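Here is the structure we will look at.
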Amino acid sequence: MNFHTGRSQDPEKLEPTRICVIGAGYVGLTAAACFSELGHEVRCVEVDAARLAALSRGEIPIYEPGLDELVTRHASTGRLSFTDDMASAMDDVAVAMLCVGTPPRSDGEPDLRQLARAAATAATAATRDVALVVKSTVPPGTCEALELFVGGQARDGVRVRVVSNPEFLREGRAVWDFFNPDRVVVGADETDLARVVAGLYPPSWPLVECSRRSAELVKYASNTFLAVKISFANEVAALCEALGAETDKVLGGVGLDARIGGAFLNPGPGFGGSCLPKDLSGFIAVAESAGRPAEVARAAQRANDMALASLAGKIESALGTLEGRTIAVLGLAFKAGTDDTRFSPAVALVRELLLRGAHVRAHDPIARVSEAGLSQVADPYEAVHGADALVVATGWAEYRDLEPARLRHSMSGHVIMDAVGVLAMEPLRDAGFDVYGIGRGLATSFAPVLWRPLEWMLDAGQPSGVQNP
Ligand code: UDX
Ligand code: UDX
């Protein structure tokens with residue numbers, strides 16, 4: 001059993017297929033390496049010269065456990081190669097996967113220009129009938145529109161069809177997720193094409209075959225639901241704080257209901273990353289344009305913005321003011337296990353603290369950001385030295401091992417805000433810290449807890465719903 005793939009080294013035997021993967025980012029590079037592990041011959045096209053040069057030297061430009069091993073192995077088996085030359089990569093290829101970014105525009109709508117350009121270049125270079133497989137997350141209708149867009153650009157006699165095969169992998173566990181999917185979704189409007197794409201995966205993996213629009217919507221709706229779940233957890237955590245209830249017990253108890261499930265119920269500084277925020281706003285834009293406003297999704301988005309603002313407010317309340325205070329922020333990546341800082345709540349928090357007049361010193365084991373006014377140090381104890389407060393903003397496991405006595409000795413203040421729930425609270429409290437968290441911390445308001453229920457019991461002005469015999 002391989003630790004990163006969760007599978008034996010001898011994957012199910014598949015018909016080897018020559019695949020061109022376009023874009024060597026988190027999705028493309030993982031897909032390329034994993035498809036070569038499954039026995040396919042993969043040619044990966046990357047336009048970024050620095051990224052390509054690194055890959056050609058055998059260096060992995062992103063942090064993703066297990067990926068380096070697969071890339072090295074299949075660079076040497078010859079099943080995985082990298083190039084910037086679309087013509088040679090597309091030569092005699094029947095399946096090309098589009099894995100370029102689909103970032104949000106400033107108005108929240110998806111920017112599909114990279115995708116259109118990459119698809120057109122691939123279609124022009126195709127030397128035989130080809131399936132363009134869209135792995136990037138896109139609004140429903142994109143595959144059909146893309147087929148119309150590139151249709152006239154292929155050379156005579158070459159037919160280009162577009163298939164949706166969304167990728168569900170999580171950063172930091174991408175290799176494991178690829179080999180242990182909850183489902184493989186293939187959206188194609190013709191059965192022969194669906195078979196070709198489904199045939200790239202082992203037959204034992206759960207498969208959903210559907211139309212292209214449906215496949216595209218599976219991905220959007222899944223990420224939107226995850227976002228809703230997290231925002232709801234944050235809302236419950238805020239309520240626990242106000243009512244003096246135990247957040248971990250409440251959400252733990254809710255998650256034990258098999259109909260709900262405990263995953264994605266961890267409260268925190270809000271969800272981030274390159275997918276959830278973008279797909280949520282994409283889902284909202286799509287629903288809006290279809291005349292079916294997505295009220296639940298909108299609420300999740302608003303709640304997410306509020307989660308971050310309320311975190312900054314809580315740190316400010318704990319310190320009295322942020323003006324001139326020194327805050328150590330531990331963690332910059334959007335979540336533990338990745339070097340990705342795109343739409344990172346930790347980085348957003350740093351900006352907010354700087355805006356409110358604080359000096360911020362940050363640490364992250366692997367992520368780096370360049371942010372005016374932020375100093376980044378290589379050791380968590382260096383970050384906390386002389387700090388008025390410590391904020392844990394990304395849930396790296398190593399922060400669990402910070403020694404309370406050493407922290408107390410290094411810091412000049414005694415406020416700790418654990419926004420991601422990784423620290424053991426008691427030893428820190430015993431060392432003299434005031435420790436806050438999401439759903440735990442600042443004073444509970446007495447009135448809604450006892451007074452309002454009493455009023456509801458005794459409300460004399462209202463007729464009672466049930467008459468006693
Ligand atoms: C992916 C998906 O594509 C996106 O839809 C999903 O929602 C999030 O993840 P990701 O792999 O994270 O994107 O993107 P990124 O890391 O930006 O990688 C894209 C790569 O494609 C980059 O290396 C970029 O240089 C490359 N690229 C882009 C090309 O090779 N050709 C192009 O035409 C455009
Ligand atoms: C997500 C989807 O999970 C994946 O299926 C899709 O392909 C890409 O988008 P990823 O962006 O890697 O994956 O991160 P994920 O693990 O989903 O976390 C997203 C954000 O939600 C992070 O900021 C994380 O910290 C936050 N989160 C997650 C919570 O705040 N609470 C939780 O309980 C879970």
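Values reported hereafter were calculated over all heavy atoms of this structure, with side chains retained and with hydrogens, waters and symmetry mates removed. It should be emphasised that the depicted structure is a prediction, and the values quoted were computed from it without experimental measurement. Both ligands and their constituent atoms are indexed starting at 1 by order of listing.
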Hey, which atoms in ligand 1 end up nearer than 4.0 Å to a heavy atom of [X]?
| X | answer |
| --- | --- |
| Val45 | 30 (O) |
| Asp48 | 25 (O) |
| Val47 | 25 (O), 27 (N), 29 (C), 30 (O), 31 (N), 32 (C) |
| Glu46 | 20 (C), 21 (O), 22 (C), 23 (O), 24 (C), 25 (O), 26 (C), 30 (O) |
| Gln114 | 28 (C), 34 (C) |

Is any side-chain heavy atom of [X] closer than 4.5 Å to a side-chain heavy atom of [Y]?
| X | Y | answer |
| --- | --- | --- |
| Val134 | Thr142 | no |
| Val196 | Val163 | no |
| Asn223 | Phe168 | no |

| message | Side chain or backbone, does Val100 bring an N or O within less than 3.5 Å of an N or O on ligand 1? | response |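 In this structure, Val100 places an N or O atom under 3.5 Å from an N or O of ligand 1.
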| said: Applying side chain to side chain donor-acceptor pair (under 3.5 Å), can you list everything that pairs with Tyr63, at least two apart in sequence or on another chain? | reply: none
| query | Who passes side chain to side chain donor-acceptor pair (under 3.5 Å) against Arg51, sequence neighbours left out? | reply | none
| Under a 4.0 Å heavy-atom cut-off, which residues neighbour ligand 2? |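 Shell around ligand 2 (4.0 Å, heavy atoms): Glu167, Phe168, Leu169, Arg170, Glu171, Lys219, Asn223, Leu226, Ile230, Phe264, Leu265, Asn266, Phe271, Gly272, Cys275, Leu276, Phe334, Lys335.
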| Checking Thr341 side chain against Ser344 main chain: does a donor-acceptor pair fall under 3.5 Å? | no
| query | When you look at Tyr26 and Arg342, which way does the side chain to side chain contact (heavy atoms under 4.5 Å, CB included) test go after all the steps? | reply | CA-CA 12 Å; Tyr26 287 88; Arg342 289 177 287 180; 3.1 Å; yes
| request: Please work out whether any backbone atom (N, CA, C, O) or any side-chain heavy atom from C-beta onward of Arg51 is under 4.0 Å from ligand 1, and answer side chain, backbone, both or neither. | output: side chain
| message | Test of understanding: with side chain to side chain contact (heavy atoms under 4.5 Å, CB included), list the residues that count as partners of Asp434, not counting sequence neighbours. | response |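 Result, side chain to side chain contact (heavy atoms under 4.5 Å, CB included) vs Asp434: His414, Tyr436.
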| query | Should the heavy atoms of other residues, nucleotides or ligands under 6.0 Å from CE of Met306 be counted, would the total exceed 12? | reply | no
